[in-house]
Amino acid sequence: MSNSLKAAFIAASPRETPRPMNVPGFLIYLAIAATWLLLFSRSFSIDNIWAWSAGIIYILYDTVLMIIVVWQTLPIRCGVSSIKPVTDSMKRPSLGVIIAAHNESKNLPNVLAALSSQSSPPDEILIVDDGSVDATDQFLDEAFGLSPPNFGHISEHSVKLTSLRWIRLKHIGKARALNIAIESVQTDIVVTLDADTFLESDAISEMRESFATNPALVAACGVLVPICKRCSTGRVMQWFQTYEYVRNIISRFAWMRTNSLLLISGAFAGFRRDALMSVGGFDPECLVEDYELTHRLHRYAFDHNLDWQLRVVGTAVANTDAPSDILAFLRQRRRWFAGFLQTQYWNRDLTGNARYGALGKYMLPIKAIDTMQPIYGLTAFALFLVLLFTGKNSIALPVFGLITAKIAADFLVYLWTVHLYRKLTGGRTKVSIVAAAIAAILEPFSFQLLRHAGAAWGWIAFLRGNNSWGLARRASATNPQP
């Protein structure tokens with residue numbers, strides 16, 4: 001990282017330049033934790049349905065969020081208009097793709113094949129080799145005629161794919177590697193792409209035109225479709241994660257409409273390079289550097305009175321590797337949630353802060369509740385089991401009725417989100433209403449508990465200061481398509 005990028009990061013980062021927590025934010029966090037303690041402690045002294053108060057609060061909160069998302073996504077029901085093509089009067093922005101790769105020789109052939117077959121190819125492709133010890137150098141030499149550059153240097157352009165270049169680095173981590181690449185690429189738009197993420201043929205075109213037609217746009221996420229191994233556990237995990245991703249992208253669209261979108265997934269994301277340079281690039285100390293970056297972009301825009309926008313580009317679609325077994329999934333969610341907690345802590349001054357608009361008044365308080373949501377969920381499930389095994393059927397039956405009603409509501413929302421997802425993506429992805437309906441029924445007692453367990457593990461990792469990602473088992477790189 002250059003001195004100028006480092007200086008920009010220090011000025012923009014609440015980790016480097018901490019801001020004091022405001023009184024409303026402190027009270028919000030205090031109320032969330034105190035409420036859980038109160039509800040849990042009273043669960044064993046009440047002999048009616050309110051013994052399950054933690055579960056009631058959990059259901060009410062999740063239901064309110066669903067209603068907000070449905071309301072905010074009503075415009076999609078009539079279809080989302082296609083992005084207007086770039087005309088002669090518009091400036092066609094140059095676009096570069098950065099692929100941070102550490103031991104990705106098996107995935108690089110597919111990711112580069114997908115890039116080279118784009119309807120609107122990127123102007124530059126830069127592979128940032130973060131200390132690979134596999135056959136990455138051999139592949140790039142044999143397939144593209146790229147001779148290994150010295151560490152810290154960039155190769156010449158490939159004669160076989162003229163937009164392709166290669167940076168070799170000693171292993172420094174993904175965020176630091178991305179920052180070096182950001183400074184090395186001089187295009188207007190920078191797209192970050194994981195080496196295990198494979199773009200549909202018009203993904204770059206859709207991303208480029210989104211930025212060309214909206215000068216205020218500084219960050220945009222595409223739609224990711226999870227791909228798992230072709231095995232029994234892999235197929236089940238892909239099924240649940242597919243509909244989780246569907247709900248998530250619709251939820252992001254909803255929060256985008258209030259200018260409160262907080263997640264631009266770095267697996268496939270577009271950024272205006274000038275904005276990235278202004279906020280100092282990615283934070284190498286955060287477990288979820290893409291999530292943390294969006295907070296800095298929002299903060300910088302408010303602090304400098306800039307009309308910056310972060311959006312979802314529903315027509316830019318990519319397939320991405322996802323965990324195929326339970327342990328890999330739990331490790332992923334541990335890292336994600338620990339990184340989420342890191343980011344919440346560093347940005348604690350935004351919570352309840354009206355100066356930051358809807359982000360401070362609504363979105364960050366919701367995220368504050370989300371820090372405890374998995375704890376509420378696991379507590380509710382544990383208390384329900386206690387009610388069943390202690391024979392308190394007079395309480396357990398009404399509780400089961402509430403759970404059934406919630407599953408029915410989830411069922412309807414699943415159908416709604418699948419319908420919206422099809423419109424948002426323009427039919428570019430395959431989703432089944434029947435499969436989504438079955439997932440809605442089974443998820444509360446299976447996949448949802450796994451998510452909460454991973455998040456609880458994330459709490460432990462956060463409190464212990466554990467920044468290790470852990471190893472992930474990947475889907476087959478030779479067959480990325482579902």
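Model, not experiment: these values are computed from the prediction. Basis for what follows: all heavy atoms, side chains included, without hydrogens, waters or symmetry-related copies.
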Could you give me the CA-CA distance, side-chain angles and deciding distance for Phe411 and Tyr414, then say whether ring-ring contact (aromatic ring centres under 6.0 Å, His included) is met? CA-CA 5 Å; Phe411 175 85; Tyr414 261 65; 8.5 Å; no
Under the criterion salt bridge (Lys or Arg N to Asp or Glu O under 4.0 Å), I'd like the reasoning laid out for Lys174 against Asp290: C-alpha separation, chi angles, the key distance, then a yes or no. CA-CA 11 Å; Lys174 182 179 179 181; Asp290 46 5; over 6 Å; no
Go through the steps for Trp166 and Phe144 under the test ring-ring contact (aromatic ring centres under 6.0 Å, His included), then give the verdict. CA-CA 10 Å; Trp166 171 21; Phe144 296 99; over 10 Å; no
Show the numbers, then the answer: is there a ring-ring contact (aromatic ring centres under 6.0 Å, His included) between His298 and Phe302? CA-CA 6 Å; His298 278 296; Phe302 276 105; 7.0 Å; no
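Using a cut-off of 4.0 Å between Lys/Arg side-chain N and Asp/Glu carboxylate O, Arg333 and Glu244 are scored as salt-bridged.
With sequence neighbours excluded, the residues that form a side chain to side chain donor-acceptor pair (under 3.5 Å) with Arg257 are Gln72. Looking at residues two or more places apart in sequence or on another chain, you find no side chain to side chain donor-acceptor pair (under 3.5 Å) involving Gln373. Under the rule for a salt bridge (Lys or Arg N to Asp or Glu O under 4.0 Å), the partners of Arg176 that lie at least two apart in sequence or sit in another chain are Glu285. Take Tyr29 and apply the side chain to side chain donor-acceptor pair (under 3.5 Å) test, not counting sequence neighbours, and it matches Gln344. Remark: Arg428 pairs with Asp202, Glu206 by the salt bridge (Lys or Arg N to Asp or Glu O under 4.0 Å) rule, at least two apart or across chains. With sequence neighbours left out, Ser94 forms a side chain to side chain donor-acceptor pair (under 3.5 Å) with Asp188. Residues meeting the side-chain contact (heavy atoms from CB on, under 4.5 Å) test with Ala435, sequence neighbours left out: Trp239, Tyr243, Ser432. The salt bridge (Lys or Arg N to Asp or Glu O under 4.0 Å) test applied to Asp283 returns Arg15, not counting sequence neighbours. A search for side-chain contact (heavy atoms from CB on, under 4.5 Å) contacts involving Ala219 returns Ile264, Phe271, Leu297, Leu310, not counting sequence neighbours.
With a 6.0 Å radius and a threshold of 12 heavy atoms from other residues, nucleotides or ligands, Leu306 has its CG atom above the threshold. Counted within 6.0 Å of CZ on Phe400, heavy atoms from surrounding residues, nucleotides or ligands total 12 or fewer; the atom is thus considered open.
Nearest heavy-atom pair across Trp459 and Thr371 is NE1-O, 2.8 Å. Residues Met66 and Ala409 approach most closely at CE-CB, 4.1 Å, considering heavy atoms. In plain terms, the two heavy atoms of Thr192 and Gly266 that are nearest each other are OG1-O, 3.0 Å.
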Quick one: side chains of residues 358-370, donor-acceptor pairs under 3.5 Å with protein atoms, not counting sequence neighbours, listed by atom name and distance.
from   : atom 1 : to    : atom 2 : distance (Å)
Asp370 : OD1    : Tyr61 : OH     : 2.6

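Screening residues 214-224 for side chain to side chain donor-acceptor pair (under 3.5 Å) gives Asn214-Gln309 as the qualifying pairs, with residues at least two apart or on separate chains. Every pair passing side chain to side chain donor-acceptor pair (under 3.5 Å) that includes a residue from residues 401-410 is listed here, sequence neighbours excluded: Asp62-Lys406, Lys406-Asp410.
Listed for the Thr197 side chain is no donor-acceptor partner under 3.5 Å among the backbone atoms of Leu193.
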